[in-house]
Amino acid sequence: MTTDVTAPWLIVGLGNPGPGYAANRHNVGFMVADLLAGRIGGSFKRAQKAQAQVLESRVGPMGPGSRRVVLAKPLSFMNLSGGPVAGLRDFYKVPTANIVAIHDELDIDYGTLRLKLGGGDNGHNGLKSMTKSMGPEYHRVRFGIGRPPGRMQVADFVLKDFSSVERKELDYLVDRAADAVECLVTEGLERAQSAYNS
């Protein structure tokens, strides 16, 4: 973990671009990134140096507790996320330990959050691509979507929209995930884990 508090953070919501994917379970990273952008009060712009939309701002209280952040949504498909993220890391000179990937997670129950630093990709194509490009030592905010019902294929499940039952809680859960990201960046992993890991 870097001790340089002046270094920027790169917060990456993972998803697939285009309106056809917008409400998919696989796009919950984009949903959290969009909510964070709304809180900041800015709008995403096309990055000049990478295939991504970005928003540069600060999070946290004004003064020494505030952190410089680059909020990003890769415009590649999920399984090619690593290239755009590595490009943004290099352009903004972000230490790998200051990168946060927000993504859907099959192996935890719907709405459960887990934050961690490093680890495997657990079959997630976005993480697989990021790890191939940069190594595994970045933060993850894992948003549980649960396992597919019955014999449904994983690929079909993640590319389906959240169910009507899930959507009743979705806004609250996305809001909580955004809180967890802000806590991670401003107060550190341990504090964020104790507050938001469930």
Side-chain angles (χ1 to χ4, degrees), residues 1-17 21 26-34 36-37 44-59 67-108 113-145 154-155 158 177-178 180-190 192-193 196-197:
M1 179 76 185
T2 182
T3 53
D4 180 4
V5 296
T6 64
W9 284 77
L10 176 57
I11 301 168
V12 182
L14 293 181
N16 286 308
Y21 297 100
H26 221 20
N27 271 43
V28 75
F30 274 16
M31 295 173 197
V32 176
D34 286 336
L36 286 165
F44 284 100
K45 294 180 173 57
R46 180 74 187 248
Q48 292 183 329
K49 301 291 182 182
Q51 192 183 1
Q53 291 184 318
V54 296
L55 169 57
E56 297 176 58
S57 190
R58 298 189 81 85
V59 298
R67 296 286 178 264
R68 200 170 127 229
V69 298
V70 179
L71 193 57
K73 298 192 296 183
L75 292 172
S76 62
F77 282 94
M78 177 74 85
N79 61 348
L80 299 172
S81 300
V85 177
L88 293 171
R89 176 202 60 183
D90 295 346
F91 180 70
Y92 290 102
K93 299 179 172 54
V94 179
T96 302
N98 277 24
I99 297 172
V100 182
I102 311 162
H103 64 92
D104 58 306
E105 178 61 62
L106 285 159
D107 283 342
I108 50 180
L113 288 179
R114 297 271 166 77
L115 288 77
K116 69 176 192 171
L117 173 63
D121 57 57
N122 211 17
H124 191 287
N125 288 331
L127 297 183
K128 196 176 290 182
S129 178
M130 283 181 62
T131 297
K132 186 177 176 187
S133 293
M134 303 181 302
E137 290 304 307
Y138 53 89
H139 287 88
R140 299 103 192 277
V141 174
R142 305 157 70 206
F143 186 110
I145 60 168
V154 165
V158 299
V181 172
E182 290 181 344
C183 184
L184 168 61
V185 169
T186 57
E187 300 183 52
L189 179 61
E190 207 170 295
Q193 284 175 325
Y196 294 98
N197 274 15

Exercise for the section: Give the intermediate values and the outcome of side-chain contact (heavy atoms from CB on, under 4.5 Å) for residues Q51 and L80. Expected result: CA-CA 10 Å; Q51 192 183 1; L80 299 172; over 6 Å; no
Handout entry: Which atom of A192 lies closest to which atom of C183, heavy atoms considered
Key = CA-SG, 3.7 Å
Handout entry: Whether D121 side chain and L127 backbone form a donor-acceptor pair below 3.5 Å
Key = no
Handout entry: Heavy-atom closest pair, residues Q53 and L75
Key = CG-CD2, 3.9 Å
Handout entry: Closest approach of V94 to P8 (non-hydrogen atoms, all atoms of both residues)
Key = CG1-O, 3.5 Å
Fill in the blank from the handout: In short, L14 meets A101 closest at the heavy-atom pair CD1-CB, 4.4 Å
Problem - E137 CD: over 12 foreign heavy atoms closer than 6.0 Å - result: yes
Handout entry: N16 side chain to F77 backbone, donor-acceptor under 3.5 Å
Key = no
Problem - Heavy-atom closest contact (L71 atom, A33 atom, distance) - result: CD2-O, 3.4 Å
Problem - From R142 atom CZ to L106 atom CG, the distance as rounded to the nearest 0.5 Å - result: 10.5 Å
Fill in the blank from the handout: One should read off an interatomic distance between K93 NZ and F91 CZ, to the nearest 0.5 angstrom, of 8.0 Å
Exercise for the section: For residues 71-91, pull every pair meeting side-chain hydrogen bond (donor to acceptor under 3.5 Å, both in side chains), keeping only residues two or more places apart or in separate chains. Expected result: D34-K73
Problem - From CG (N197) to CD1 (I108), nearest 0.5 Å - result: 8.5 Å
Exercise for the section: Applying side chain to side chain contact (heavy atoms under 4.5 Å, CB included), name anything that partners A178, two or more places apart in sequence or on another chain. Expected result: V32, L35, L36, R39
Fill in the blank from the handout: D107 meets the side chain to side chain donor-acceptor pair (under 3.5 Å) criterion, sequence neighbours left out, with N122, R147
Practice task
Determine yes or no for a side-chain-to-main-chain donor-acceptor pair under 3.5 angstrom, with R140 supplying the side chain and G119 the backbone.
Solution key: yes
Problem - Nearest-0.5 Å distance, CG of residue L55 to NZ of residue K45 - result: 7.5 Å
Exercise for the section: Examine distances only and state if a side-chain atom of S129 and a backbone atom of N125 form a donor-acceptor pair shorter than 3.5 Å. Expected result: no
Exercise for the section: Kindly indicate, with the supporting measurements, whether the criterion side-chain contact (heavy atoms from CB on, under 4.5 Å) is fulfilled by W9 and V70. Expected result: CA-CA 6 Å; W9 284 77; V70 179; over 6 Å; no
Exercise for the section: Could you give me the CA-CA distance, side-chain angles and deciding distance for M78 and D104, then say whether side-chain contact (heavy atoms from CB on, under 4.5 Å) is met? Expected result: CA-CA 11 Å; M78 177 74 85; D104 58 306; 4.2 Å; yes
Exercise for the section: Look at the aromatic rings of H124 and H103 and report parallel, tilted or perpendicular, splitting at 30° and 60°. Expected result: perpendicular
Practice task
Look only at the side chain of H139 and the backbone of A97, and say whether a donor-acceptor pair between them is shorter than 3.5 Å.
Solution key: yes
Practice task
Please check if atom NZ in K116 has more than 12 non-hydrogen atoms from other residues, nucleotides or ligands closer than 6.0 Å.
Solution key: yes
Handout entry: Shortest non-hydrogen contact from P84 toward A50
Key = O-CB, 3.7 Å
Exercise for the section: Rounded to the nearest 0.5 Å, what's the gap from CD on E187 to CG on L184? Could you check? Expected result: 10.0 Å
Completion exercise
One should read off an interatomic distance between I99 CD1 and Y92 OH, to the nearest 0.5 angstrom, of 13.0 Å
